[in-house]
Protein chains: 2
Amino acid sequence: MNLKPLSESTEMYLKAMAEMSYQDVVAVGRLAERLGVTAVSANEMMRRLGEQGLVSHTPYKGVNLTKKGREVAGNVIRRQRLWECFLYDHLKIEWSQVYEFACSLEHATAPELTEALAEFLGNPKTCPRGNPIPAADGSFKPLDAIPLSEIKLGQAAHVLAVNATATDVLKYLQEKNILPGRDVTVVEVAPMQGPLTLRVGGKDVALGLPMAEFVLVKII
Amino acid sequence: MNLKPLSESTEMYLKAMAEMSYQDVVAVGRLAERLGVTAVSANEMMRRLGEQGLVSHTPYKGVNLTKKGREVAGNVIRRQRLWECFLYDHLKIEWSQVYEFACSLEHATAPELTEALAEFLGNPKTCPRGNPIPAADGSFKPLDAIPLSEIKLGQAAHVLAVNATATDVLKYLQEKNILPGRDVTVVEVAPMQGPLTLRVGGKDVALGLPMAEFVLVKII
DNA sequence: AAAATTTTTATGGTTGACCTTATTATTCCA
DNA sequence: TGGAATAATAAGGTCAACCATAAAAATTTT
């Protein structure tokens with residue numbers, strides 16, 4: 001099916017796009033931001049990925065994963081999240097560092113390895129950050145959840161997953177106990193996109209809106 | 001200690017040098033051959049590695065790992081072989097494919113990961129190919145063994161390790177049962193660097209001299 | 001509709017690790 | 001010792017993925 005070896009860069013772009021595709025068209029600028037490259041570089045890359053049939057780019061509108069691109073991205077994310085499970089459950093790596101390490105390993109993982117790893121782990125369904133693990137054929141659907149940033153004042157919610165990837169962000173969330181499985185209540189929303197104040201486990205915690213977007217919850 | 005991130009290429013060169021250093025000066029040409037690059041490329045790389053203080057190159061004589069280079073190489077090999085153990089023992093990957101997969105993973109492995117993996121595996125002392133795993137500080141010494149190619153006619157030997165890395169070579173050795181732990185006897189040595197004929201497990205097996213160099217044995 | 005902002009394209013530059021094709025230097029061997 | 005083989009250097013090229021700067025195009029805001 002997929003004979004061409006994808007570069008690390010390609011994998012990072014596809015992964016980022018899939019993770020951002022709750023909006024099903026992604027602005028190239030946002031993508032560049034998330035990946036820490038310039039908009040020019042991201043545009044160049046979109047051209048390359050377009051030529052490979054992995055993304056479709058409508059100028060001035062945004063980019064989309066093609067069917068093929070989505071399948072490839074699913075596989076990349078699968079590998080990544082399986083490694084997260086291994087690192088967390090078996091190697092006892094710090095929760096906040098797991099993503100980062102798994103990301104490197106992901107790029108170095110052949111399909112046979114992926115499936116052997118899945119088997120070894122007992123085919124887990126979610127990673128330690130609560131995100132679902134795509135199926136072996138690369139298929140996946142987004143979690144049925146909304147970002148914490150959209151929760152109304154006073155409402156309580158159950159944290160399903162944390163979609164952040166940066167280690168320092170994950171570390172912060174861990175310290176504040178905003179983790180999959182926890183319940184939080186929004187006790188204050190400051191004006192001007194100010195921070196949310198959350199009550200979690202008996203303590204009040206401030207959380208900036210940008211960070212709150214990475215926390216996926218279900219209202220309870 | 002080691003703050004600079006080494007490139008994948010650098011790691012491959014250092015690893016190859018360490019694995020070839022039963023002779024303690026390595027001809028750049030041999031190195032190029034083993035790595036599948038041209039002599040020119042290998043020379044260029046030796047200059048770069050020399051500048052980084054990892055190798056010392058005496059023109060027309062050969063290259064040597066420096067103390068620092070040897071330590072780094074030891075760490076690279078440690079990572080590699082620990083992954084080999086994991087892939088073979090836990091993921092049940094084919095013996096002949098283990099090296100290849102472990103090699104990719106090695107490049108993506110941070111020190112914290114390495115030690116967590118060693119712990120998980122119970123600090124194994126040898127990889128599935130029988131090679132010793134360097135210590136956490138990067139130190140290692142070569143196996144006390146000689147290549148099968150140097151065994152005299154009629155002599156019996158115990159296979160300690162297989163130093164080959166190419167999957168097809170490993171596959172061949174596996175099929176012929178020339179594996180760590182086995183005993184072999186040299187029953188014929190053809191002239192003109194012709195193949196050895198070995199008796200192993202009741203069967204006669206032909207083995208070319210170049211391949212026999214990769215089989216490390218102890219006379220019994 | 002004009003102004004401001006965001007996107008895209010164009011052009012040219014860098015880096016690392018390769019490559020080829022000479023040319024020069026050294027070592028080995030008969 | 002003289003030629004063959006091997007090793008090293010020089011010069012110039014490629015490729016992917018970045019970068020910066022600048023100009024053009026489209027969209028959004030006012």
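Residue numbering restarts at 1 for every chain, and letters A, B, ... go by the order of the sequence lines.
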Near DNA chain D, under 4.0 Å by heavy atom, which residues of residues 35-50 of chain B? B:V40, B:N43
A:W95 backbone acceptor or donor facing A:K171 side chain under 3.5 Å: no
Test B:Q80 against every option in B:K15, B:E106, B:H107 by the side-chain hydrogen bond (donor to acceptor under 3.5 Å, both in side chains) rule and name the one that passes. B:K15
Could you check whether any side-chain heavy atom of B:P195 comes within less than 4.5 Å of a side-chain heavy atom of B:L209, counting everything from C-beta outward? no
Just say parallel, tilted or perpendicular for the rings of A:F86 and B:W83, cut-offs at 30° and 60°. tilted
Candidate pair B:Q97 and B:T167, rule side chain to side chain donor-acceptor pair (under 3.5 Å), full reasoning: CA-CA 6 Å; B:Q97 288 193 292; B:T167 302; over 6 Å; no
Is any side-chain N of the basic residue among B:E51 and B:R47 closer than 4.0 Å to the acidic one's carboxylate O? yes
So B:H90 and B:F120, would you call those rings parallel, tilted or perpendicular, with 30° and 60° as cut-offs? tilted
Could you list all N or O pairs between the protein and nucleotides 25-30 of chain C that sit under 3.5 Å apart?
from	atom 1	to	atom 2	distance (Å)
C:dA25	N3	B:Y60	OH	3.4

Do the side chains of B:E115 and B:R78 get close enough for a salt bridge, i.e. N-O under 4.0 angstrom? yes
Outer limits of DNA chain D sitting under 4.0 Å from a non-hydrogen atom of chain B, read 5' to 3', are D:dA7 to D:dA10
Cation-pi, A:Y99 ring and A:R81 (6.0 angstrom, 45 degrees): no
By the definition side chain to side chain contact (heavy atoms under 4.5 Å, CB included), identify the one residue from A:V186, A:L198, A:L196, A:V189 that meets it with A:I151. A:V186
